[in-house]
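To start, the structure itself, in structure tokens.
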Amino acid sequence: MGGVDDLYREQILEHHRAPHNFGALEQPSVSIDGRNPSCGDLVTMQLKLDDAGVITDVAFSGRGCAISQASASLLTDELRGKRADEITELGTPYVTELLGIEVGPARIHCALLGLETTQKAIATWRNKS
Amino acid sequence: MGGVDDLYREQILEHHRAPHNFGALEQPSVSIDGRNPSCGDLVTMQLKLDDAGVITDVAFSGRGCAISQASASLLTDELRGKRADEITELGTPYVTELLGIEVGPARIHCALLGLETTQKAIATWRNKS
Amino acid sequence: MTAWHTPAGQLDPAKVRAAYPILATKPGGRPLHYLDSAATAQRPKPVIDAVSEFLLTGNANPHRGAYTLGSMATDAYEAARTRTATFLGVPATELVMLGSATEALNLVARSWGKGNLSRGDVVLVTEAEHHANLIPWQQVTREVDADLEFIPVDDVTGEILWDRLDGLLKLRPKIVAIGHVSNVLGSIAPLAQIAPQIHSVGGLLAVDGCQAVANMPVNILGTGADFYAFSAHKMGGLFSGGGLWARANLLEAMAPIETGGDMIREVRLRDATFAEGTQRFEAGTPDASGTVALAAACEFLDELGRQQIHDHEVRMLERVLRELPEALPDARILGPKNAKDRAGLVSFSSDLVHAHDLATILDRRGVAIRAGHHCAMPLHEQLELSATARVSVAPYTTDEDLDALFEGLRDARKIFER
Amino acid sequence: MTAWHTPAGQLDPAKVRAAYPILATKPGGRPLHYLDSAATAQRPKPVIDAVSEFLLTGNANPHRGAYTLGSMATDAYEAARTRTATFLGVPATELVMLGSATEALNLVARSWGKGNLSRGDVVLVTEAEHHANLIPWQQVTREVDADLEFIPVDDVTGEILWDRLDGLLKLRPKIVAIGHVSNVLGSIAPLAQIAPQIHSVGGLLAVDGCQAVANMPVNILGTGADFYAFSAHKMGGLFSGGGLWARANLLEAMAPIETGGDMIREVRLRDATFAEGTQRFEAGTPDASGTVALAAACEFLDELGRQQIHDHEVRMLERVLRELPEALPDARILGPKNAKDRAGLVSFSSDLVHAHDLATILDRRGVAIRAGHHCAMPLHEQLELSATARVSVAPYTTDEDLDALFEGLRDARKIFER
Ligand SMILES: Cc1ncc(COP(=O)(O)O)c(C=O)c1O
Ligand SMILES: Cc1ncc(COP(=O)(O)O)c(C=O)c1O
């Protein structure tokens with residue numbers, strides 16, 4: 001049962017129970033919904049970016065499994081001060097590091113939802129500006 | 001090789017080479033094409049029937065494998081004087097008897113083409129009258 | 001029948017398991033407690049052997065070869081169709097063999113639907129339908145400007161409100177398309193009762209039988225249905241396979257959707273005429289090995305006894321319904337309260353543990369359940385749920401499987417109540 | 001590669017036969033000389049074993065289960081898709097897995113065709129097409145009032161008159177749909193030459209590859225095709241299976257034809273959005289075991305070597321072309337004179353012995369050939385033939401098979417010259 005206890009260890013469950021940066025920004029530069037239609041997981045990601053493309057503020061909301069919500073919460077803690085183009089290069093290895101554990105193929109799409117939604121938000125923001 | 005020699009024995013090949021009642025009637029009561037689309041076999045069956053539903057004359061034409069043409073030829077020799085409703089009851093056993101051999105599932109539709117076309121002709125004649 | 005039964009004549013799952021070698025494997029090093037048979041049933045040894053046997057000794061293109069092996073293949077294919085028809089209680093001449101239930105349901109909507117529906121006509125389905133019995137109707141009603149209407153579900157339990165049917169029949173639907181057994185609710189549609197109601201307003205009844213045919217006795221002609229679709233892999237056959245039964249007069253009037261070899265009568269450069277009967281809907285090389293597998297699956301289910309299978313599954317579901325609330329107190333169970341009103345499955349949700357987390361945690365004990373919307377998103381939306389967990393049972397489900405399930409549920413509770 | 005090859009590196013059919021247990025059976029008590037591989041290829045042991053293995057140890061619904069066995073099934077399915085894509089020389093993301101070539105060709109006509117053709121547009125096919133690559137185009141051109149035009153064939157040999165293409169391209173066809181290898185003529189279409197011609201007038205090239213992929217090296221991306229369809233059972237896979245490759249930008253713009261589970265993004269009661277990429281065209285439960293079988297078939301063909309297979313088959317065809325006129329002097333051979341211009345098969349007719357009689361007589365020596373129109377009635381009509389006999393070869397075809405063929409032909413001649 002070690003594996004599950006790792007995936008559902010205290011830090012992750014904490015982020016699930018009391019997600020960080022949960023809510024909405026006053027005037028986000030961009031706000032995007034991300035969904036895992038096959039699971040029903042939902043993450044709404046809001047970013048504020050400055051002219052140099054640096055993320056200055058972030059908020060998210062959503063619902064779904066612990067993995068999707070905790071991953072999104074963990075991610076938001078890392079985003080402020082990062083440049084948009086740094087984010088677009090990230091993938092599974094980064095999320096694995098954030099969570100501190102390999103998620104495995106059956107659930108990796110849950111773990112990636114926050115990151116992928118953020119990347120979609122950045123792409124949208126770029127197209128707008 | 002006994003089986004094949006039986007199926008392609010002299011009597012059958014004779015009917016194939018020189019089919020009986022081959023050609024067309026002057027004023028048929030009914031004339032119908034029968035086809036085996038999967039083989040390309042074709043039999044045109046022409047019947048003359050009297051008011052009592054007795055077959056008074058018959059002719060056929062067609063092209064295709066030896067089995068289809070010989071079976072049709074053998075059949076036409078039997079039809080004159082028969083009542084329409086006798087014909088509609090016939091099936092594989094009758095054709096087997098005509099040919100003097102079991103034809104087997106792969107070719108039975110060839111052997112039946114003449115009979116089935118005759119039955120179709122009778123049905124058409126009935127609908128007309 | 002005793003090879004698979006107790007002396008009292010009940011199905012003995014411990015004996016049945018011997019026919020399913022996969023149940024003795026240890027995926028990921030853990031014993032397998034397979035509780036996802038509603039997604040796909042496991043294949044018994046006789047089915048796997050029938051496929052090998054056909055390919056090793058009887059393989060040829062059916063309907064084509066004027067040689068012995070070709071006749072053998074044709075005979076095997078047609079015998080398999082007949083065996084399947086017998087299993088389902090329909091004439092073989094009315095059973096169209098297709099690749100899946102999805103294909104079958106699309107055929108009804110796209111062929112019968114396009115041929116018979118026009119502007120303003122009403123098609124009635126339930127809010128609980130599987131996507132395969134919903135989207136094709138969305139498509140065809142949109143194309144011909146017909147109306148798609150719904151038999152609603154209860155907001156809390158999801159149960160289909162059959163008592164609304166009477167009112168909806170005032171719309172004089174041309175067709176009512178429903179699942180025989182809901183793949184989320186587990187509920188059994190009261191076909192015997194509603195078929196005459198639907199017919200009395202001139203409507204047809206199309207039934208998606210995917211979740212019914214392997215879990216209870218089904219005699220299609222006795223249900224009152226006009227169309228009935230099923231999938232082989234839910235019955236222990238291969239993934240590929242399934243079909244559509246329809247009354248001969250309906251089939252006769254339907255145009256083929258897929259065209260090509262084997263379904264034609266005559267083809268010229270610019271036009272073609274089509275074969276009669278079921279053949280018209282079976283374009284391309286017949287799936288002889290798949291159909292042989294399906295027939296072997298029917299044979300095996302009959303050997304187990306379909307009433308016995310149903311009784312066994314109801315016993316398993318009774319235990320699930322009884323013990324689930326103890327193991328996971330906040331579980332919201334969808335569908336009928338009484339296991340006797342179900343076939344094969346129970347779905348539930350929990351605010352404490354999301355269905356996907358539950359599935360992952362259960363997996364660590366080798367318990368395989370399904371989490372998600374089960375191809376019924378609209379139903380989940382009506383229930384304001386994004387996902388549910390589904391436990392489904394089979395002739396090979398044992399109390400040990402359920403013990404492992406409940407232990408896993410308690411693990412999950414412990415983790416999330418921490 | 002030496003397990004299947006001579007020391008000189010040629011395919012050794014005697015060795016290859018060991019992988020096909022059915023070839024050692026005696027249907028009807030006679031040795032089997034299977035010369036109908038163009039109708040369906042025999043399945044090698046590794047394919048049969050791959051199916052059993054999957055069902056015995058890895059069977060679950062791919063894409064769905066959040067449990068170990070489900071992930072294993074998903075991995076096996078996707079790995080099989082990738083293996084097949086590699087075999088065909090295309091990206092896996094552009095390979096739509098379907099039930100058959102018939103389905104694939106229908107998808108092109110019904111999805112791309114309906115989306116892109118309108119009144120007066122021209123679709124060009126050859127007079128030699130298989131019904132599966134003809135009737136769908138008849139249907140869609142009729143529906144949208146487009147024109148169906150034909151690349152003609154030679155009245156005597158049936159050879160496709162490719163030199164007419166240039167003139168026909170003046171019609172600016174929106175799509176040209178042709179077989180890579182004709183299943184009656186055995187001829188290989190000069191894709192490399194005609195693809196640029198077609199593209200230069202703005203047309204697309206859709207290729208029916210059924211008879212090509214197992215008989216010669218085919219790298220789809222290298223052919224210049226825009227669509228390419230194939231069937232698993234012609235390659236040694238199961239009857240069910242096949243697919244369509246299409247350029248990503250074409251797939252993106254195409255609407256799904258079949259709807260249901262697994263191909264959706266979001267479904268509401270009255271509308272639905274569809275998944276992206278190949279998934280949009282793959283409605284219903286994926287055929288994991290069939291796809292695993294197909295991948296095993298690809299693996300085996302690669303082990304034999306596709307160039308080696310082609311070379312071996314050309315050697316066999318050379319002998320057929322050389323000795324057929326001796327055995328049956330009035331034989332009218334269709335297609336190219338030179339075996340090197342063929343892949344896999346030779347068809348012929350005889351006024352002395354009808355093709356069906358020939359097949360029956362050959363069967364008595366265990367020789368299995370096909371007689372009929374081979375799902376190409378229009379071609380036969382152009383040639384004023386109602387049926388032809390077709391001999392098709394495979395990696396497992398031996399000189400003994402051909403010896404038996406010629407003995408049988410001499411039997412037939414003796415019977416009919418009597
Ligand atoms: C050239 C050609 N196209 C299409 C098909 C159809 O393939 P399937 O019946 O597997 O769909 C075949 C085989 O029957 C064929 O030989
Ligand atoms: C109720 C119901 N209908 C239709 C289907 C579709 O079946 P298939 O995917 O085999 O076509 C399924 C299974 O997925 C089902 O459970």
Check your understanding: Under the 3.5 angstrom rule, does the side chain of Q42(D) hit a backbone N or O of N59(C) as a donor-acceptor pair?
Key -> yes
Practice item. Answer whether the closest heavy-atom distance between the side chains of C210(C) and H130(C) falls below 4.5 Å. Key: no
Study note, to complete from the structure: When the 4.5 angstrom heavy-atom criterion is applied to H374(D) and chain C, the contacting part is neither
Point to revise | Segment of I264(D) engaging chain C (4.5 angstrom heavy-atom cut-off) | key: side chain
**Study point:** Within-4.5 Å side-chain heavy-atom neighbours: V292(C) and F239(D)
**Key:** no
Review point. Where on A41(D) is there a heavy atom nearer than 4.5 Å to chain C: the side chain, the backbone, both, or neither?
Key: backbone
Check your understanding: If you count heavy-atom pairs under 4.5 Å between each of L148(D), V51(D), I22(D), N133(D) and chain C, which one has the most?
Key -> I22(D)
**Study point:** Residue, of S231(C), S240(C), A109(C), that accumulates the most heavy atom pairs under 4.5 Å with chain D
**Key:** S240(C)
Exercise for review: Please determine, among T40(D), V267(D), T102(D), I48(D), the option with the most heavy-atom pairs under 4.5 Å with chain C.
Suggested key: V267(D)
**Study point:** Contacting moiety of E258(D), where chain C heavy atoms sit under 4.5 Å
**Key:** both
Study note, to complete from the structure: side chain to side chain donor-acceptor pair (under 3.5 Å) filter on R30(D), not counting sequence neighbours, yields T68(C)
Check your understanding: So Y67(C) and Y34(D), would you call those rings parallel, tilted or perpendicular, with 30° and 60° as cut-offs?
Key -> perpendicular
Check your understanding: Among Q139(D), E129(D), H356(D), H373(D), which has the most heavy-atom pairs under 4.5 Å with chain C?
Key -> Q139(D)
Review point. Do V153(D) and T126(D) come within less than 4.5 Å of each other through their side chains, counting heavy atoms only?
Key: no
**Study point:** Side-chain ion pair, K114(D) and E143(D), N-O less than 4.0 Å
**Key:** yes
Exercise for review: Establish, from distance only, whether the side-chain atoms of D271(D) and Q138(C) form a donor-acceptor pair under 3.5 Å.
Suggested key: no
Study note, to complete from the structure: Among P378(C), S37(C), A73(C), the residue with the most heavy-atom pairs under 4.5 Å to chain D is P378(C)
Revision key, fill the gap. One should read off an interatomic distance between D49(D) CG and K45(D) NZ, to the nearest 0.5 angstrom, of 3.5 Å
Revision key, fill the gap. Looking only at S52(D), G241(D), A368(D), most heavy-atom pairs under 4.5 Å shared with chain C are made by A368(D)
Check your understanding: What part of L134(D) lies closer than 4.5 angstrom to a heavy atom of chain C: side chain, backbone, both or neither?
Key -> side chain
Exercise for review: Determine the option with the most heavy-atom pairs under 4.5 angstrom with chain D, choosing from V47(C), L379(C), I257(C).
Suggested key: I257(C)
Review point. Is there a donor-acceptor contact under 3.5 Å linking the side chains of E103(C) and S100(C)?
Key: no
Study note, to complete from the structure: Whatever's closer than 4.5 Å to a heavy atom in chain C on N106(D) counts as side chain
Review point. For Y20(D), is it the side chain, the backbone, both, or neither that has a heavy atom closer than 4.5 Å to a heavy atom of chain C?
Key: neither
Check your understanding: Of the listed residues (T141(C), L269(C), L55(C)), which shares the most heavy-atom pairs with chain D below a 4.5 Å separation?
Key -> L269(C)
**Study point:** Side chain / backbone / both / neither for L32(D) at chain C, heavy atoms under 4.5 Å
**Key:** side chain
Review point. Which bit of T25(D) comes within less than 4.5 Å of chain C, counting heavy atoms only: side chain, backbone, both or neither?
Key: side chain
Point to revise | Non-neighbouring partners of K26(C) that pass salt bridge (charged side-chain N to carboxylate O under 4.0 Å, His left out), sequence neighbours left out | key: none
Practice item. Please flag which part of Q382(D) lies under 4.5 Å from any non-hydrogen atom of chain C: side chain, backbone, both or neither. Key: side chain
**Study point:** Heavy-atom contact with chain D under 4.5 Å, split by part of E127(C)
**Key:** both
Check your understanding: Do you know which of R110(D), E266(D), H233(D) has the most heavy-atom pairs under 4.5 Å to chain C?
Key -> R110(D)
Review point. Is there a side-chain contact between H33(D) and R365(D) (heavy atoms, below 4.5 Å)?
Key: no
Point to revise | Side chain to side chain, L56(D) and R43(C), heavy atoms closer than 4.5 Å | key: no
Revision key, fill the gap. Per-residue tally against chain D (heavy atom, under 4.5 Å) across R270(C), R268(C), H380(C), E381(C) peaks at R270(C)
**Study point:** Contact leader toward chain D among G28(C), S289(C), G99(C), where contacts are heavy-atom pairs under 4.5 Å
**Key:** S289(C)
